[in-house]
Amino acid sequence: MNHLLPLAKLNFVTETGVISLCANAAGISHLYYLPQAGDDWQSRELSLTETADQVQLAHAKQHLLQAKQELLEYFAGQRQQFCVPLAPKGTPFQQQVWQALSQLDYGQTCSYADIAHKIGRPKAVRAVGTANGANPIAVIVPCHRVIGKNGALTGYAYGVALKQKLLEIEGIHRFK
């Protein structure tokens, strides 16, 4: 069994939408926003991989509960850093980009070019954008903090309105 595969899932409602978390024994593997219209997310609140070892499953559930608590604190303005272990699956380059994103401070924004420079690949701006878009752990790996070089809001997998709301939670209110 691949130890990076999600073992458990938890869906919950926040002021920004319905979040779906997945975890394995190592940490959170996915964080997605679920669509609202017609989605029967409550029936899937916790899905388990049937082949999961009970110890691994217990660790996965613990990560889910920790992430949920930390996210609720973040949305309430009571948390600026996440401590929950993360276990995203991606290429070495994607992992490098996601690690750089995770090092951005609360309320700090940057551009794709800034991340490319930070990882020592200044010409890889487009590849950084692609890796940013492939981020499987939204909010906790703060891809929403990437804005245009000119200060304008750029695209976001869950829509620019949600991106703006997340940035406003962090005290960023000025956009071009």
Side-chain angles (χ1 to χ4, degrees), residues 4 6 10-23 26-36 63-64 66-176:
L4 293 177
L10 175 66
N11 299 328
F12 63 100
V13 178
T14 73
E15 65 188 53
T16 60
V18 180
I19 289 180
S20 181
L21 290 170
C22 294
I28 299 299
S29 60
H30 298 83
L31 184 158
Y32 293 108
Y33 278 89
L34 294 178
Q36 292 289 316
H63 297 315
L64 292 173
Q66 180 182 350
K68 178 182 178 182
Q69 181 62 39
E70 290 182 10
L71 285 160
L72 293 174
E73 291 169 358
Y74 167 82
F75 294 130
Q78 301 168 342
R79 174 176 290 276
Q80 295 186 0
Q81 292 182 324
F82 293 97
C83 301
V84 65
L86 304 179
K89 185 176 178 183
T91 67
F93 180 79
Q94 288 172 327
Q95 295 282 349
Q96 195 175 22
V97 169
W98 301 335
Q99 181 62 35
L101 289 170
S102 294
Q103 293 171 359
L104 290 173
D105 289 334
Y106 180 92
Q108 175 187 5
T109 59
C110 69
S111 68
Y112 294 138
D114 295 332
I115 296 293
H117 282 284
K118 187 170 186 162
I119 65 171
R121 307 264 314 262
K123 294 183 180 183
V125 175
R126 286 187 182 189
V128 165
T130 301
N132 189 63
N135 173 19
I137 307 176
V139 184
I140 296 174
V141 176
C143 55
H144 63 276
R145 294 180 186 155
V146 179
I147 62 173
K149 204 170 188 177
N150 63 357
L153 286 181
T154 55
Y156 188 59
Y158 304 104
V160 174
L162 178 57
K163 181 177 192 164
Q164 182 172 344
K165 184 168 182 126
L166 292 171
L167 291 171
E168 287 174 350
I169 287 170
E170 297 184 20
I172 302 168
H173 300 283
R174 291 185 181 199
F175 309 102
K176 292 185 180 182

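No hydrogens, no waters, no symmetry mates; every other heavy atom, side chains included, goes into these values.
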Flag if over 12 foreign heavy atoms under 6.0 Å of CD, Q81: no
Is it the case that more than 12 heavy atoms not belonging to R121 sit under 6.0 Å from its CZ atom? no
Heavy-atom side-chain proximity of Q95 to P88 below 4.5 angstrom: yes
Would you indicate whether the side-chain heavy atoms of L104 and T109 approach each other to under 4.5 Å? no
Which heavy atom in [X] sits nearest to a heavy atom in [Y], and how many Å separate them?
{"X": "I28", "Y": "A67", "answer": "CD1-CB, 3.6 Å"}
{"X": "V160", "Y": "G155", "answer": "CG2-CA, 4.1 Å"}
{"X": "A113", "Y": "K149", "answer": "CB-NZ, 4.2 Å"}
{"X": "S102", "Y": "P142", "answer": "CA-CD, 3.9 Å"}
{"X": "A138", "Y": "Y156", "answer": "CB-OH, 3.9 Å"}
{"X": "P85", "Y": "A26", "answer": "CB-O, 3.4 Å"}

Between Y74 and F82, how do the two ring planes meet: parallel, tilted or perpendicular, split at 30° and 60°? tilted
Once rounded to the nearest 0.5 Å, what's the spacing between atom [atom1] of [X] and atom [atom2] of [Y]?
{"X": "S29", "Y": "L86", "atom1": "OG", "atom2": "CG", "value": "10.0 Å"}
{"X": "I169", "Y": "T16", "atom1": "CD1", "atom2": "OG1", "value": "6.0 Å"}
{"X": "L21", "Y": "L31", "atom1": "CG", "atom2": "CG", "value": "5.0 Å"}
{"X": "R145", "Y": "I172", "atom1": "CZ", "atom2": "CD1", "value": "7.5 Å"}
{"X": "Y158", "Y": "I19", "atom1": "OH", "atom2": "CD1", "value": "9.5 Å"}
{"X": "L72", "Y": "E15", "atom1": "CG", "atom2": "CD", "value": "9.0 Å"}

Side-chain donor or acceptor of [X] paired with backbone N/O of [Y] under 3.5 Å:
{"X": "K163", "Y": "V146", "result": "yes"}
{"X": "Q103", "Y": "A100", "result": "no"}
{"X": "N135", "Y": "V141", "result": "yes"}
{"X": "E70", "Y": "V84", "result": "yes"}
{"X": "W98", "Y": "A131", "result": "yes"}
{"X": "Q66", "Y": "H63", "result": "no"}

Could you walk me through whether V125 and I115 pass the side-chain contact (heavy atoms from CB on, under 4.5 Å) check? CA-CA 8 Å; V125 175; I115 296 293; over 6 Å; no
Apply the side chain to side chain contact (heavy atoms under 4.5 Å, CB included) test between C143 and each candidate in V97, I137, N132, L166; give the one that qualifies. N132
We want to know whether E168 and Q164 form a side-chain donor-acceptor pair, criterion being a heavy-atom distance below 3.5 angstrom. yes
Judged by modelled atom types alone, do H144 and E170 share a side-chain donor-acceptor pair under 3.5 Å? yes
